[in-house]
Amino acid sequence: MKKKILTKGVSALLIVSMVFCIYTLAQVRSRGYVMVAGRSVFRVATGSMEPTIQTGALLMARRADINEIGEGDIICYISDDSSTMGMVITHRVTAVRADSEGNVLLETKGDANLAVDAGYVTERQLIGIVVWYSKEGNPVAMVISALTTRIGFLACIVFPVLLVTGLILHNCVRNIRRDMEQMVYEMEHPDVEETPVFTNEEYAAMVERVRRELMEELSKNAENAKKGETGA
């Protein structure tokens with residue numbers, strides 16, 4: 001019973017993980033990032049926002065309308081600059097402007113940068129406003145930063161896959177060996193309690209009756225064949 005419960009639990013976990021992976025891949029393919037319940041989590045890869053947000057820190061952005069954004073807010077957006085095209089940028093809003101048609105434009109700048117960013121952030125580029133970021137030395141951020149390295153990828157993805165594959169093969173081999181041992185045991189130790197279908201006398205009589213009927217059939221066939229040759 002425990003084994004069945006464990007198997008069902010592992011199967012359910014694998015299904016949930018597979019669904020989440022498909023959902024994540026679909027979002028990354030369509031928009032370039034993942035958002036769940038209006039929240040997105042990112043890891044800071046550069047020091048453009050230091051000392052406010054350290055390199056390697058984690059941050060959470062909440063989906064927001066561009067009209068909610070004010071000067072001084074930290075936002076995440078998709079860059080359309082040629083050097084960082086398609087990348088997620090986290091910078092501070094230094095000014096809120098509008099174009100000739102009244103559309104809101106956000107001027108941004110990294111706290112550690114000397115100049116404002118080239119171009120403005122539009123509503124189409126905006127991901128959301130930063131509502132939380134980890135401080136320096138945060139253990140969760142450190143672990144995630146380590147996992148994003150090549151060694152971390154091997155430790156987090158490749159090694160578990162190999163481990164699960166090894167366990168599956170081990171269980172398959174163990175089951176095959178157990179079945180073979182059971183078969184050998186049954187051959188060496190026949191079940192004496194099993195009630196035979198026929199007694200020895202009944203079995204001998206059945207064999208004799210089949211032999212007699214077979215001989216009679218062969219004799220008839222031989223006679224018919226001889227008559228056929230004579231008639232020809």
Atom pair NZ (Lys109) and CE (Met49), whose distance is rounded to the nearest 0.5 Å: 9.0 Å
For Asp81 against Ala118, the heavy-atom pair lying closest together: OD1-CB, 4.1 Å
Taking the side chain as everything from C-beta on, heavy atoms only, tell me whether Arg124 gets closer than 4.5 Å to Asp80. yes
Report yes if some heavy atom in the side chain of Thr55 is under 4.5 Å from a heavy atom in the side chain of Glu50; otherwise report no. yes
Could I get the full list of side-chain contact (heavy atoms from CB on, under 4.5 Å) partners for Thr108, not counting sequence neighbours? Ile75, Tyr77, His91, Val93, Asp117, Val121
Might you point out which heavy atoms bring Thr84 and Ser79 nearest each other, and give the distance in Å? OG1-OG, 2.6 Å
Identify the heavy atoms of Gln54 and Pro51 that sit nearest to each other, and give their distance. NE2-O, 3.2 Å
Taking the side chain as every heavy atom from C-beta outward, state whether Ile69 and Leu106 have any atom pair closer than 4.5 Å. yes
For Ile66 and Val104, which heavy atoms make the closest approach, and how far apart are they? CD1-O, 3.5 Å
Go through the steps for Val41 and Leu59 under the test side-chain contact (heavy atoms from CB on, under 4.5 Å), then give the verdict. CA-CA 6 Å; Val41 177; Leu59 61 85; over 6 Å; no
Distance col, row Ser40:OG vs Arg63:CZ, nearest 0.5 angstrom, shows 8.5 Å
Test your reading of the model: is there a side-chain donor-acceptor pair from Thr94 to the backbone of Glu107, 3.5 Å cut-off? yes
Applying a strict under-4.5 Å side-chain criterion to I, L, V, M, F, W and Y, I'd like to know whether Tyr120 and Val96 cluster together. no
As an exercise, state the distance from OH of Tyr133 to CG of Leu58, rounded to the nearest 0.5 Å. 13.5 Å
List in chain and number order the residues that pass side-chain hydrogen bond (donor to acceptor under 3.5 Å, both in side chains) with Asp111, two or more places apart in sequence or in another chain; answer none if no residue qualifies. Thr52, Arg92
So, taking the atom named CE in Met87 and the one named CD1 in Ile78, what distance separates them when rounded to the nearest 0.5 Å? 10.0 Å
Between Ile127, Ile89, Ile129, Leu126, which is the residue that forms a side chain to side chain contact (heavy atoms under 4.5 Å, CB included) with Cys76? Ile127
The test is side-chain contact (heavy atoms from CB on, under 4.5 Å); show your working for Thr122 and Asn103 and say whether it passes. CA-CA 8 Å; Thr122 64; Asn103 298 316; over 6 Å; no
Just jot down the side-chain hydrogen bond (donor to acceptor under 3.5 Å, both in side chains) partners of Ser82, sequence neighbours excluded, or say none. none
